[in-house]
Every structure is written in C-alpha cells, then in structure tokens.
Amino acid sequence: MCGIIGYLGGQEATPILMDSLKRLEYRGYDSAGVAVLETPRPGSLIRTSVTKSEAKVDDLITKLKAGMPSGHLGIGHTRWATHGKPTYINAHPHTDCKGQIYVVHNGIIENFAELRRELQAKGHEFTSETDTEVVPHLIEAYYKGDFLAAVRAALKRLNGAYAMAMFSTEDPDLLVGARLNAPLVVGLGDDEYYIASDITAIIPYTKRVLVLGEGEVAAVTPLGAEVSTLDGTTVKPKLVHVDWDVSQAQKGGYPHFMLKEIHEAPEAVANAMRGRLTDDGVVSFREFSPADEDLARLREVLLLGMGTSRHAAVLGELAIEDWAGIHARAVDAAEFRYRRPTFGRDALAVVITQSGETADTLAGMRLAKDREALTVAVTNVFASSAARDADGAIYLHSGPEIGVASTKTYLAHVVSLYLLAMRLATAHGRVSLERKQELVASLRELPDQVRGILEREKEIASLAHKYSRYRSFLYTGRGFGFPVALEGALKLKEISYIHAEGVSGGELKHGPIAMLDKNFPVVAICTAGATSEKMVNSVHEIVARDAPVLALVTEGDTSLDGVATDLFTIPRTEEAAAAILNSVVLQLFAYHVAVELGQNVDQPRNLAKSVTVE
Ligand code: F6R
C-alpha cells in the first residue's frame with residue numbers, strides 16, 4: 001500500500017518528511033507529495049504549501065529544495081495507485097474546496113462514489129479521480145469550528161480501510177491520525193511527534209511508538225498525543241519500544257519480506273473482497289462492469305497466466321465451471337500464444353498477472369484481443385500494461401509484494417477469481433440464492449481462518465524442520481486440492497531448490513507412484529470435498545510404498561489418523577475456501593523448509609519478480 005508520514009514538533013518539518021518518504025520508497029509507489037503548514041511571516045496569513053510529483057521521491061525533493069517550505073507541521077505520502085491513474089492531480093495530499101484541510105490516506109474507501117455524489121450535490125468540487133478526495137470534503141462539510149469533531153463525524157461515514165494523517169489551517173497546532181483495517185502508528189520524540197503507516201519511516205527519530213487500534217483516532221498537539229475512539233472515548237494506546245534497524249523495520253520485524261507478506265494474507269484476502277460482494281452474492285467490480293447481457297452471451301472463459309498465477313487460474317477455472325456452468329480453461333499463456341485459436345467473440349479472456357507485465361501473459365492477451373474476445377486483467381499493479389490494455393481490470397489491492405515468490409497476491413488472485421465466478425454465475429442465472437449465501441459466508445470467514453492458521457506457524461515450522469532433510473517431494477490433491485498441490489510444489493522448489501512435483505490424486509497410479517519409497521515424502525491435500533474419500537484411498541496406497549505422508553485434513557476428520565505420518569488440520573469450510581487455507585499452510589511450510597536450508601527466500605537464485613521477456 002501507500003506510505004504515510006506526518007510530523008509536528010520544534011524542527012523544520014520539510015527535511016523530516018523528505019527523509020521519511022525516502023525510507024518508505026522500498027514499498028513501491030508511483031507518485032509522492034507533501035503538505036507543510038507554513039509558519040506565517042509577520043503580517044501574513046497562515047498558509048499551506050503543497051508539493052507533489054508524479055515521479056519518484058527524488059524528484060519531489062528537488063522541487064522542495066527549490067523552494068523549501070518552512071513550518072513545524074506537515075504530512076507526506078507515497079502513492080500506490082488504486083483509484084485513479086498515477087498522475088500529479090491524483091497524488092496526495094488532497095484538500096477541500098477552501099484549501100484548509102489536508103489529508104493523506106492509505107487503503108480503500110468502499111463507499112466513496114456515493115459520498116462523492118452526495119458532496120457534489122451540496123456544491124463540493126472535486127479535482128482528482130481518487131477515493132481519498134472525499135475525505136477532506138466530508139470533513140469540510142462537518143466542520144463547525146472543531147476540526148477533531150469534524151474528522152470523527154466524517155470517519156463514521158466511511159466504509160472500507162484507511163490509515164490517514166491530516167491537518168487543518170484552522171487548527172495549526174493539531175495533527176490527526178486515524179486508522180481502520182490499515183496500520184498506523186504515532187512516534188513519540190522529545191516534544192515532537194510523528195504519524196506513520198510504517199515504522200521504517202520514523203526509525204531514526206524515535207524508538208517509542210503508540211500503536212493505534214482499529215477505529216482509533218490520534219490527536220497530536222505540542223502537549224502530547226491523545227488517542228480516542230470515533231465516539232470520542234479516550235483509550236490508552238499500546239506503547240511499544242521498537243529496537244529495529246531500517247532493514248528490520250521494512251520487514252515489519254519479520255526476518256524476510258516473504259514471511260511478512262504471508263502474514264499479510266488476512267488483509268490481502270479481505271481487500272480482494274472489500275466493497276465488491278454482498279451477503280447475497282451480488283458482485284460488482286469498479287473497473288470491470290459489463291452488463292449482464294454481455295456476460296450472459298459468453299460461452300467460454302480462458303484464464304491466462306504463468307507460474308503461480310496459472311495455478312490461481314486453475315482454481316478460477318474450477319469455480320467458473322462449477323458455479324457459472326461455463327466452459328472454462330486455465331492455460332499456460334506462453335503455450336497459448338502460439339496455438340491456433342478456436343475461440344472468438346463469445347469468449348472472455350481473464351488475464352491473471354500480479355505484476356501486470358509478464359511478457360507471455362501479455363502476448364496471450366493480445367491474441368485474445370485479436371480474436372475479439374472480451375478481456376479483463378486481474379492484477380495488483382494499477383495502470384500496468386495488462387490493466388491498460390485489457391477491456392477491464394480487477395485490482396487485487398494487496399499492496400506491494402517484495403518477496404520474489406508470490407504469496408499474498410496469489411491468495412488475492414484466487415479470491416478475485418471466485419468473485420468473478422459468482423459474477424458470471426449471476427449473469428448466467430446459475431446458482432441458487434441459498435448456495436450463493438453459503439459461498440459468501442465461507443469467503444467472509446476466510447480472513448479470520450487464515451489468521452488462525454498463521455497463529456499455528458510453530459506447528460508448521462516444526463513439520464518443515466522434520467521434512468527439510470528430504471531431497472524430493474510429491475504434492476497431490478484432487479478437485480480444488482489439485483491446483484493447491486501444484487502451487488505447493490512450486491513454492492517449495494522455487495525457494496528451497498528441492499525437487500517437488502504436483503500431481504493429481506488420480507494421476508498418481510499412472511506413473512508418479514513408481515518414484516515413491518521411504519525417502520520420497522508426499523504432501524497430500526485431503527481436506528473435505530467431493531473427492532476427499534478418493535484422496536484417503538490414495539494416501540493408503542502411498543503409505544503402502546513406505547513413503548512418509550504429510551496430510552492436510554479437515555478438523556474432526558479421523559480417516560487418516562494412524563495412517564498418514566503427519567497431519568495438519570484446517571477448519572471445515574467450502575472446498576473452494578479450503579484451497580486458500582491449504583495454500584497458506586503450504587506457503588509457510590515452503591518458507592520454513594527454505595529457511596532451515598539457509599536459502600535466500602526473498603531473492604531465490606535465477607528468479608525475477610517480473611518476467612518481462614519471453
Ligand atoms: C512464483 C511466481 C511466479 C509468477 C509468474 C507470473 O512464486 O511468483 O511464478 O507467478 O512469473 O508473474 P505475474 O503474476 O506477475 O504475471
């Protein structure tokens with residue numbers, strides 16, 4: 001996500017903001033900006049200096065140095081575009097009609113479109129395409145002489161996720177921070193205060209940090225920082241002493257970006273659904289909104305991707321076929337681009353690419369466009385090539401992924417494809433309301449269930465410790481468990497360099513079983529589903545060949561007790577939702593095996609984050 005910094009204290013704010021924004025660069029961003037409340041010269045009015053750049057922080061710094069604003073209160077932001085292109089106008093801070101209120105924001109305001117309409121009807125004028133801009137206008141609408149009260153009233157109207165820093169020229173000694181579903185901390189210096197989305201931003205300045213809770217607001221003045229709820233009830237915030245260096249802080253205290261990103265899975269899963277799904281399974285995507293009739297005429301869905309994204313595509317294929325009843329096929333984009341196409345205008349090509357820049361996937365999309373298929377990119381990067389060139393885009397909203405191996409974005413891809421499957425199911429008049437409600441309920445449970453898995457990391461680490469001595473693995477599953485097996489094997493091989501293959505449970509007997517012996521373990525996805533009994537049979541066959549088995553099973557299922565060598569249980573849920581939970585287990589397993597072996601998990605040899613060549 002974006003980066004936020006705010007400062008209030010005795011020093012000049014601008015150099016601190018510039019320095020902090022530099023330190024937030026590692027998160028990835030497309031534009032940056034600062035607003036500084038200038039110390040008024042004798043006889044002149046208080047004013048705010050705003051400087052923005054649609055390029056890098058260095059460009060912003062060059063602009064700031066040319067006319068350094070002098071003041072003791074300011075906010076800064078690095079933007080990772082979500083709503084609106086990465087342009088100068090869309091860069092933060094955003095302001096109200098009178099230019100008195102300044103806001104920087106991370107996250108997604110789900111109901112911004114209706115708020116914008118409401119405010120426009122009252123005469124507010126908007127200049128950007130962002131969701132953020134509704135915030136200063138909403139505060140302006142509620143302002144009756146008390147900035148903090150207006151902020152609280154405005155925040156109560158917002159749905160979604162936010163971390164914000166803001167100030168008003170009307171209250172020049174007050175810096176306000178607020179958060180909901182996005183992190184924000186207040187750094188305590190000596191008579192000076194910082195607000196930051198990421199401890200990295202403030203690490204050289206202070207080690208004492210207040211961690212804001214959900215729905216809390218921090219009011220920072222020269223006298224101190226007070227934290228309260230949206231209703232104004234004072235709360236005692238958690239004071240933490242952070243003894244990290246910059247590299248540790250960037251990783252949020254985790255030893256690797258990959259582990260940090262696996263731990264961001266609950267938010268990634270929630271963000272992929274945020275504002276897009278009702279309890280009755282009505283799905284809407286802001287940047288992909290064909291009419292029901294246009295979706296109803298589709299006869300085929302092609303899901304194009306490479307590597308991990310192709311595995312997400314296979315899960316999408318299963319959901320689309322099962323829920324929407326449309327012929328769907330997940331394809332290796334590199335192969336697809338050289339095949340003789342048979343599809344045409346009644347096909348939807350779903351282009352699955354986290355980076356939005358994978359050369360083979362883009363080439364596959366071009367072929368689909370040549371055949372006049374409808375195209376939609378499912379991507380994490382706003383205005384990436386895939387997003388620009390496709391007819392529509394479904395953004396993952398996962399925030400930047402720095403570890404080379406995809407983890408949280410894979411989960412967000414899968415959730416997005418499930419939503420797309422529901423959207424298609426509605427257009428095709430498939431799936432009863434009750435069934436949709438069941439599916440939605442299981443998707444909504446996922447963030448908490450993923451949290452539950454992450455809390456059991458030690459259990460997974462100890463399994464990884466036990467299995468890390470083997471040099472070859474087979475991963476197997478059926479139905480929604482099969483792509484999970486493919487992805488589990490890929491994750492293990494790419495970061496630990498151990499040979500691992502994913503095969504379907506049915507395929508096992510047709511060749512791969514020949515390899516099995518006591519030195520060739522199998523990871524078997526046996527969680528509840530249409531074919532789980534078949535998987536239990538497969539495990540018996542594997543065990544009969546003396547191969548150690550690590551089985552993923554559903555809580556309460558005892559069919560493999562005393563059969564599999566090791567069991568890891570996951571909560572009972574829909575088969576499609578279990579694919580997410582099982583994948584998180586296998587991501588952590590691969591991570592801990594690689595760490596046991598001392599590998600460079602964040603930058604595995606021979607791999608690049610974005611493969612922009614064929
Ligand atoms: C594996 C991994 C790769 C990518 C693949 C496609 O962890 O990250 O297999 O999934 O290179 O990348 P995107 O999704 O950017 O098109």
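Residue numbers run from 1 in the order of the sequence given. Just so you know, ligand 1 is whichever comes first in the structure, and atom 1 is the first atom listed for that ligand.
- A salt bridge is defined here as a Lys NZ or Arg NE, NH1 or NH2 lying under 4.0 Å from an Asp or Glu carboxylate O, and Arg27 with Asp198 meets this definition.
- In this structure Tyr467 satisfies the ring-ring contact (aromatic ring centres under 6.0 Å, His included) test together with Tyr470, sequence neighbours excluded.
- More than 12 heavy atoms of other residues, nucleotides or ligands sit less than 6.0 Å from atom NZ of Lys22.
- Remark: Glu487 engages Lys491 in a salt bridge, criterion side-chain N to carboxylate O under 4.0 Å.
- The environment of Glu300 atom CD is dense: over 12 non-hydrogen atoms of other residues, nucleotides or ligands sit within 6.0 angstrom.
- Contact shell of ligand 1 (protein heavy atoms, cutoff 4.0 Å): Met306, Gly307, Thr308, Ser309, Thr353, Gln354, Ser355, Thr358, Val404, Ala405, Ser406, Lys491, Glu494.
- Tested against Val350, the residues Leu304, Leu374, Leu417, Thr375 include a single side chain to side chain contact (heavy atoms under 4.5 Å, CB included) partner, Leu417.
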